Structure formats: structure tokens, C-alpha cells
Amino acid sequence: LVQIVPQANIEVPNAFTPNADGRNDFLRPVPMGVASIKYFRIYSRWGELLFETQNSKPGWDGTHRGQPMPAQTVVWMVEGVGLDGKIITKKGTSVLIR
């Protein structure tokens, strides 16, 4: 399936379930019309950085310092560069479901 997007965009799911069933196991940005991801960061509700990457894959597996995190809402921020050279910055929340 090929989808033509009128402008670059980055979407991030609002929930994920890191239970190793092969579905929704990672929280990651979904770039559309994006040349590169500058950063994807995930923070706890207290502002602690839990995860950071410059790639869209594989994404965050719900662990921090080797330990699985409990169910919670996390805050994410992502910045990328579109194929048109424009900077795309987004932020939001996602729910880690155990």
C-alpha cells in the first residue's frame, strides 16, 4: 500500500503493550514524508528521561535501566526533518499498558 502525504508528519501511538506478543510491543514514532528523526524522547510524569533515540525503530520497549516499568502515562517529544527540509516538532502522551 502506497500512501501519498501532502506534507511531512510524525505520528506516535497513544498506547502500547510491551508484552512480547509481537503486536504493539514498542512505542516509536511513525514518520511520513520525513527524511530523518533528530530525536525521540520519552519522559516519566516526573520529568525523568526514560528513553532517547535518533531512529524510528525499534523504539522503546517499556524498560528503564533494564527493569520493566509499571503501567503509566508517559510524555514523548519528537523532532524530525521533512523531505521538504522543514522541521517537524511534536509532543504528546502515551499509555504503557501491562
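Because only heavy atoms are used, hydrogens play no part in the values below, and waters and symmetry mates are left out as well, while side chains stay in. Note that the structure is predicted; figures quoted are calculated from it, not measured. In this chain, numbering begins with 1 at the start of the sequence shown.
- Minimum heavy-atom separation, Pro18 to Ile97: CD-O, 3.7 Å.
- More than 12 heavy-atom neighbours from other residues, nucleotides or ligands sit within 6.0 angstrom of CD on Gln72.
- Contact check for Ser94 versus Val12: side-chain heavy atoms found under the 4.5 Å cut-off.
- Each salt bridge (charged side-chain N to carboxylate O under 4.0 Å, His left out) pair with one or both residues in residues 68-93, not counting sequence neighbours, appears once here: Glu11-Lys90, Lys38-Glu79.
- No side-chain heavy atom of Ser44 sits less than 4.5 Å from a side-chain heavy atom of His64.
- For Ile37 against Pro31, the heavy-atom pair with the smallest separation is CD1-CB, 4.3 Å.
- The two residues Phe26 and Pro58 come nearest to each other via the heavy atoms CB-O, 3.2 Å.
- With rounding to the nearest 0.5 Å, the separation of CG in Asp25 from CZ in Phe16 is 9.0 Å.
- Remark: the backbone N or O of Asn55 is not paired with any side-chain donor or acceptor of Arg28 at under 3.5 angstrom.
- Considering every non-hydrogen atom in both Gly33 and Ala8, the closest pair reads O-CB, 3.1 Å.
- Taking the six-membered ring for Trp and thresholds of 30 and 60 degrees, Phe40 and Phe51 have ring planes more than 60 degrees apart, a perpendicular arrangement.
- When all heavy atoms of Ser56 and Pro29 are compared, the closest pair comes out as CB-O, 3.6 Å.
- Looking only at distances, no side-chain donor or acceptor of Glu48 sits under 3.5 Å from a matching main-chain atom of Trp46.
- Contact detail for Ile10 and Val78: the closest heavy-atom pair is CG2-CG1, 3.9 Å.
- Atoms CG and CG, from Asp61 and Asn19 in turn, are 12.0 Å apart once rounded to the nearest 0.5 Å.
- Under a hydrophobic-cluster definition in which Ile, Leu, Val, Met, Phe, Trp and Tyr are linked whenever side-chain heavy atoms come within less than 4.5 Å, directly or via other members, Ile87 and Val34 are assigned to different clusters.
- Rounded to the nearest 0.5 angstrom, Ile42 CD1 and Glu52 CD are separated by 10.5 Å.
- Within the 4.5 Å cutoff, no side-chain heavy atoms of Trp76 are placed close to those of Trp60.
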